[in-house]
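Scope of the values below: all heavy atoms of this structure, side chains included, with no hydrogens, waters or symmetry mates.
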Amino acid sequence: MKRIYKLNGCLQHYVWGGEDYLPDLLGIEKQPNQHYAEWWLGAHSSAPSMLEINDTQQPLNAFLAQNPTALGDESRAVFGTELPYLLKILDVKQPLSIQLHPTKQQAEQGFARENAEGIDLKDSKRTYKDNNHKPEMMIALSDFWLLHGFKAKADILADLQARPSLHTLAEKLQTQDPHAFYADIMQADQAQLSAWLMPIVEANQVRYKNQQLSLNNPDYWVLYTLDAMQISAEKLDAGLICFYLFNIVNIKEGKGIYQDAGIPHAYLRGQNIELMACSDNVVRGGLTPKYVDIPELLKIIDCREIVPEIIPSAENRKIFTYPTPAKDFALTHIQYEPAESAQLHAANAEILLVMDGELKISTNSTALCLKQGESAFICADTDYRIEGARQGYAVIARLP
Ligand SMILES: [Zn+2]
């Protein structure tokens, strides 16, 4: 068995994706009217990456089943026979659903319960697709906007009180606890949503069209989301109210954020690198035509006030691992110049993705040249060397 293999990822063409960013990054031909939402690097069985072995291609999950030692002892002891993480590049052109992810224990219980209830894994009303938690970290590749956690109650009240149609909500929040308050909003009917939102939409239409609304103003994002997702006035989504409840966060290129279990979040616009535990457990809370499991959402949502913690950027550091609390994954940023080299060691399986420039990755017996958009799978227990060929940087997904 070799220690390093070229790895080819999988594209996901979800309709919220943009048309240009991923084809340009990956150097692939654009198809007309095609959406390029996500690029996946990992062993997830629904879209495993392909290893180049001699002149053939083998799915990474099949390779790992045949060669479990490639995962590493520590990885196997904690995470079993699966690669614990999934690395993605996202191009968010339209807002994604408001969502949150369960804890490991909630996922185990939810998965067992839905199995016992006989809900098929492919059923649209299935919430738990596996028994794993799904912490996520992301690093922005452009100016990035997202919703992240409930903001301070005083800030929510100020936003609600500043808008006549939301005064009744401000009064409710003063008497209700945040969880009951949020539950009522999520169960509001169309007439109620319309009474809250349409006066705001009508009052801001002209300012929105003339680009006079600040991006920190929730009204901007309500109008933007109606426009981008083509939501009609008759089919308002309770998730739209969340722009007044959650932190609207702007992440500058190179910086990031971590989504812990229970924290509601929604990606609004931009491109990023995302690294997450290998799971598909998403509990949705609006801005989606997909199934919204309100009882489950209310059971696991964390309604505490959150102050977003921004992950710092690598700046001028040659090798930098982004600090996060995650136990299932870590992301390392490595910068290189021509002829500059670094000696590294993979204790457990790693995935390297060249984001810019060109590098050579080598062991005593193998060498690969990788350019922007190309990646490699590195087996556990491997000493390897990275040498810059053209200035740039790569990211390495691995265990902490
Ligand atoms: Zn998420």
>> Determine whether His148 and Phe246 satisfy the following criterion, ring pair (Phe, Tyr, Trp, His ring centres under 6.0 Å), listing intermediate values before the conclusion.
In response: CA-CA 6 Å; His148 174 86; Phe246 299 165; 9.6 Å; no
> Would a hydrophobic clustering, with Ile, Leu, Val, Met, Phe, Trp and Tyr connected at side-chain separations under 4.5 Å, put Ile156 with Tyr244?
Replying inline: yes
>> I'd like to know if Asp24 pairs up with Lys30 as an ion pair, taking the criterion as any Lys NZ or Arg NE/NH1/NH2 lying under 4.0 Å from an Asp or Glu carboxylate oxygen.
In response: yes
>> Once ring pair (Phe, Tyr, Trp, His ring centres under 6.0 Å) is applied, do any residues pair with Tyr36, and if so which ones, sequence neighbours excluded?
In response: His13
>> Using the ring pair (Phe, Tyr, Trp, His ring centres under 6.0 Å) criterion, which residues pair with Tyr21? Sequence neighbours excluded.
In response: none
>> I'd like to know if the side chain of Trp145 reaches the main chain of Gly270, judged simply by a donor and an acceptor atom lying under 3.5 Å from each other, with no hydrogens or angles considered.
In response: no
>> Quick check: closest heavy atoms across Ser165 and Pro199, and the distance to 0.1 Å?
In response: CB-CG, 3.7 Å
Show me the donor-acceptor pairs, under 3.5 Å and distance only, between side chains in residues 39-52 and residues at least two apart or in other chains.
unit_1: Trp40; atom_1: NE1; unit_2: Glu38; atom_2: OE1; d: 2.6
unit_1: His44; atom_1: ND1; unit_2: Ser46; atom_2: N; d: 3.2
unit_1: His44; atom_1: ND1; unit_2: Ser46; atom_2: OG; d: 3.0
unit_1: Ser49; atom_1: OG; unit_2: Trp40; atom_2: O; d: 3.4
unit_1: Ser49; atom_1: OG; unit_2: Gly42; atom_2: N; d: 2.9
unit_1: Ser49; atom_1: OG; unit_2: Gly42; atom_2: O; d: 3.3
unit_1: Glu52; atom_1: OE2; unit_2: Asn8; atom_2: ND2; d: 3.0

>> If the threshold is 4.0 Å, N to carboxylate O, is there a salt bridge linking Lys122 and Asp120?
In response: no
> Should Glu305 and Lys153 count as an ion pair when the cut-off is N to O under 4.0 Å?
Replying inline: no
> Should Gln192 and Ile185 be marked as a side-chain contact (heavy atoms from CB on, under 4.5 Å) after you check the CA-CA gap, both sets of side-chain angles, and the distance that decides it?
Replying inline: CA-CA 9 Å; Gln192 180 63 78; Ile185 290 173; over 6 Å; no
> In chain order, what residues pass the side-chain hydrogen bond (donor to acceptor under 3.5 Å, both in side chains) check against Asp280, with sequence neighbours excluded?
Replying inline: none
> With sequence neighbours left out, what residues match His133 under ring pair (Phe, Tyr, Trp, His ring centres under 6.0 Å)?
Replying inline: none
> If you group Ile, Leu, Val, Met, Phe, Trp and Tyr whenever their side-chain heavy atoms sit less than 4.5 Å apart, what else falls in with Val15?
Replying inline: none
>> Test: ring-ring contact (aromatic ring centres under 6.0 Å, His included). Region: residues 345-377. Which pairs qualify, not counting sequence neighbours?
In response: none
>> Restricting to side-chain hydrogen bond (donor to acceptor under 3.5 Å, both in side chains), what partner residues turn up for Ser75, sequence neighbours left out?
In response: none
>> When you compare the side chain of Asp383 with that of Thr363, does any pair of heavy atoms fall below 4.5 Å?
In response: no
>> Using ring pair (Phe, Tyr, Trp, His ring centres under 6.0 Å), reason through Tyr224 and Tyr208 one step at a time and then give a plain yes or no.
In response: CA-CA 8 Å; Tyr224 172 79; Tyr208 174 73; 7.2 Å; no
> In the hydrophobic clustering that connects Ile, Leu, Val, Met, Phe, Trp and Tyr at side-chain heavy-atom distances below 4.5 Å, which members other than Ile396 occupy its cluster, ordered by chain and number?
Replying inline: Ile4, Ile319, Ile334, Tyr336, Leu344, Leu352, Val354, Leu359, Ile361, Leu368, Leu370, Ile378, Tyr384, Ile386
> Hey, what else clusters with Val282 if you join Ile, Leu, Val, Met, Phe, Trp, Tyr whenever side-chain heavy atoms sit under 4.5 Å?
Replying inline: none
>> Less than 4.0 angstrom from a charged side-chain N to a carboxylate O is my criterion; do Lys134 and Glu136 meet it?
In response: yes
>> Quick test of your reading: applying salt bridge (Lys or Arg N to Asp or Glu O under 4.0 Å), list the pairs with at least one residue in residues 338-363, sequence neighbours left out, ordered by first then second residue.
In response: Lys318-Glu340, Glu358-Arg390
>> I'd like to know if Arg284 and Asp293 make a salt bridge, using a cut-off of under 4.0 Å between side-chain N and carboxylate O.
In response: no
>> Quick test of your reading of the model: are Arg76 and Glu82 salt-bridged, counting only N-O distances below 4.0 Å?
In response: no
> How would you list, by chain and number, every residue that makes a ring pair (Phe, Tyr, Trp, His ring centres under 6.0 Å) with Tyr267, sequence neighbours excluded?
Replying inline: Phe144
